[in-house]
*Asks:* 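Sharing a structure, written as structure tokens. Questions coming.
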Number of protein chains: 2
Amino acid sequence: MTTTHRPPTLEDVARAAGVSRATASRVIAGTGYASAAARERVTVAADLLGYAPNPAARALVRGTGVRLVVAVTGTAPTVLDDPYVHRVLGACARVCAPYGLGVALHWLPTRAPGEVRRLAEDRSVGGIILINTTETVLDAVPVGLRGRVASIGIGSALVPAFDVDNGGGTEAVVRHLYASGRRRIAMVTGPRWLSCAGRSVGAYRRVVRDAALPVRLVPGDFSADRGRAAAREVLARWPDTDAIVGSSDATALGVIDGLRGDGVQVPGDVAVTGFDDIPLAAMTTPALTTATHPVTQIASAAATAVLDGRPVPPATMFPSRLVRRVSG
Amino acid sequence: MTTTHRPPTLEDVARAAGVSRATASRVIAGTGYASAAARERVTVAADLLGYAPNPAARALVRGTGVRLVVAVTGTAPTVLDDPYVHRVLGACARVCAPYGLGVALHWLPTRAPGEVRRLAEDRSVGGIILINTTETVLDAVPVGLRGRVASIGIGSALVPAFDVDNGGGTEAVVRHLYASGRRRIAMVTGPRWLSCAGRSVGAYRRVVRDAALPVRLVPGDFSADRGRAAAREVLARWPDTDAIVGSSDATALGVIDGLRGDGVQVPGDVAVTGFDDIPLAAMTTPALTTATHPVTQIASAAATAVLDGRPVPPATMFPSRLVRRVSG
DNA sequence: CTGAAAGCGCTAACAA
DNA sequence: TTGTTAGCGCTTTCAG
């Protein structure tokens, strides 16, 4: 007689432990009363059978959803191809694993901030992590989502924020540049619509103003291509620039490439710094001076907040540390 | 009177369309008979109400699982931190989205190939994508998983394989090196336990042998650190080497860095090539000559195969194309 | 071709 | 403290 190898259900565990399904449920889910004896017997039976609760069934009855959605705001669905987004997704996946939850990727069009409502209504969505979000999107988050949503970037009264202290990181970078003798420091900013990028610009302005240096800002978008173009703009507008602060490592690499195309030496003529400390920042020539960005930590904290459901502070900032290498 | 804004269920759709829940189910799921009239009315009602099936309920009744697991074989859970893995995860997430499925990340210890059985028994697992898998793991895949599992890398009779044609890519690279006059070409291999990396080594051996050049192999592991060390080993054992083929871009970058530490010019003294064509390969100095690796395409194809459940060929290879830049 | 009915595996009142 | 009961939203026989 061949027994089909069927995964054990709660029913099996209950029977093996000699209790009712309800009691077994209470001890497995860790909710409600149960005598020490019952607890013991159920626990033993469960790991004897190798029991694991079926997340789908659980989600169905609790109305709790079965996946954590990473929702990325942007003008086109290509924002989902970004390595940064993938890293966040990976970190979320690791946090979700013990809960039996999956993760999903969703594009939130900048033009249609109401889209977030549809996500909230989807019963299979257990929680939402917002990335690169805007005030407009934040305003569209329904109150019913309270406690099941977090933002990596800016937050709101309803949505707790988790982010790198890019103001602090940028400040450290610019101060370092000043300390090493640079006096005409330009910056390639992040995208304007991304308010959290504004903190870096603010920090740059502050340091530069305090030192009575000129403010030299050129818009960027975190990409290398834009960095390359921006480098030329900077040189065209302010030929005596002796340092360029990139708002991402990709930007900085682009800047270096653009500069080199014009025969400018880095860091000899112009120092260049990045932000993020991607793994390759240490391997390029010249090795990139930058500031750290603990993406995994941040994403894990955000995901944990959503899954735990415990109250969290409205904003949690993760420190960014200067990494001195060769480029600046 | 405030109506709680509850997402519509199939029941709601059925009522609105004036049919039974069963009929509504048939047309929504696209399975079983339904008159044109019924089909029409249900469809209209569904998108009038903005109905979306609840994946958890569906998974529960069909026993079909609610997430696609990306299972990475390796000696330590840190393999889950690899950007390559994250990219695969991202691609899978995009394929899963329309199915309402989530994705999950799982470490499959090299030492415990049987672990894959536990995954197979988990009712919440809808399918499995194997990464960096070994024959041992492949052998442990239970037959019950047929059609719900695919491998990125090597496959088996049970598990269809999806991979880059790294043999072809490597051949193109080595031929290019030869054509540009290099005659003493060394290679830093991928990890030995990863059999699909062997195809690159095979291709290298073949080209080199056909040209009557010496075989110079040094073991690597795809990492930049190992590349750096390997460069020195190569130089120590065969000082007249004039080209080094890296089996990944990270390796190549490490090799370049190691070479530079010894005052060797790239590509002047020694040409260096990579594999993967990561975005940054174009930005480094010197820009990296490499071969493409369509990771997203591969992962999407694998995920699609698992979710569709349609029969697929035992192995699907994706072409790798030479990208000539400066380093080699 | 359609509807009634029976669950999928689990949790949450409610009694006992 | 425990068991009984009633579903969560959906699919799927099985009769009509």
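Lettering follows sequence order; numbering is per chain, from 1.
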*Asks:* May I ask you to decide if A/Ser300's main-chain N or O and A/Thr304's side chain share a donor-acceptor pair within less than 3.5 Å?
*Replies:* yes
*Asks:* Pick from A/Leu130, A/Val79, A/Ile131: which one makes a side-chain contact (heavy atoms from CB on, under 4.5 Å) with A/Leu108?
*Replies:* A/Leu130
*Asks:* Could you check whether atom CZ of A/Arg148 has more than 12 heavy atoms from other residues, nucleotides or ligands sitting under 6.0 Å from it?
*Replies:* yes
*Asks:* Verify whether one side chain among A/Asn132 and A/Tyr84 offers a donor that lies under 3.5 Å from an acceptor in the other.
*Replies:* no
*Asks:* Quick one: pull up CG in A/Leu49 and CZ in A/Arg15 and give me the separation to the nearest 0.5 Å.
*Replies:* 10.0 Å
*Asks:* What is the distance, rounded to the nearest whole Å, between atom CG of B/Asn54 and atom C1' of D/dC10?
*Replies:*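 Rounded to the whole Å, the gap is 8 Å.
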*Asks:* Using 4.0 Å as the upper bound for N to carboxylate O, is an ion pair formed by B/Arg87 and B/Asp82?
*Replies:*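 Salt bridge absent between B/Asp82 and B/Arg87.
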*Asks:* Does B/Thr110 use its side chain to pair, donor to acceptor, with the backbone of B/Gly74 at less than 3.5 Å?
*Replies:* yes
*Asks:* What is the first contacted nucleotide of DNA chain C and what is the last, in 5' to 3' order, if contact means an atom lying under 4.0 angstrom from a heavy atom of chain A?
*Replies:* C/dG9 to C/dA13
*Asks:* Take nucleotides 11-16 of chain D nucleotide by nucleotide from the 5' end and write B, S or -, depending on whether a protein heavy atom sits under 4.0 Å from the base, only from the sugar-phosphate, or from neither.
*Replies:* BBB---
*Asks:* Which part of the nucleic acid does A/Ala56 contact within heavy-atom distance under 4.0 Å: base, sugar-phosphate only, or nothing?
*Replies:*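 A/Ala56: no heavy atom of the nucleic acid under 4.0 Å.
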*Asks:* Below the 4.0 Å mark, does D/dG9 have OP1 or OP2 next to a side-chain nitrogen or oxygen of B/Thr9?
*Replies:* no
*Asks:* For B/Ala59, answer base if it contacts any base atom (sugar-phosphate contacts may also be present), sugar-phosphate if it contacts only those atoms, and nothing otherwise; contact means non-hydrogen atoms under 4.0 Å.
*Replies:* nothing
*Asks:* Of B/Ala37 and B/Arg123, whose closest DNA chain C nucleotide lies nearer the 5' terminus?
*Replies:* B/Ala37
*Asks:* Any carboxylate oxygen within less than 4.0 angstrom of a Lys/Arg side-chain nitrogen, looking at A/Arg117 and A/Asp122?
*Replies:* no
*Asks:* With side-chain contact (heavy atoms from CB on, under 4.5 Å) as the criterion, how do A/Arg67 and A/Val103 come out once you've worked through the C-alpha distance, each side chain's angles and the decisive distance to 0.1 Å?
*Replies:* CA-CA 5 Å; A/Arg67 35 182 201 158; A/Val103 291; over 6 Å; no
*Asks:* Taking the axis from the first five pairs and the axis from the last five, what angle separates them in the helix from C/dC1-D/dG16 to C/dA16-D/dT1, rounded to 10 degrees?
*Replies:* 40°
*Asks:* Counting distance only, does the side-chain N/O of B/Asp308 pair as donor-acceptor with the main-chain N or O of B/Arg310 below 3.5 Å?
*Replies:*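 Checking the backbone N and O of B/Arg310 against the side chain of B/Asp308, no donor-acceptor pair under 3.5 Å is found.
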*Asks:* With a 4.5 Å heavy-atom cut-off, do B/Trp107 and B/Val72 have their side chains touching?
*Replies:* no
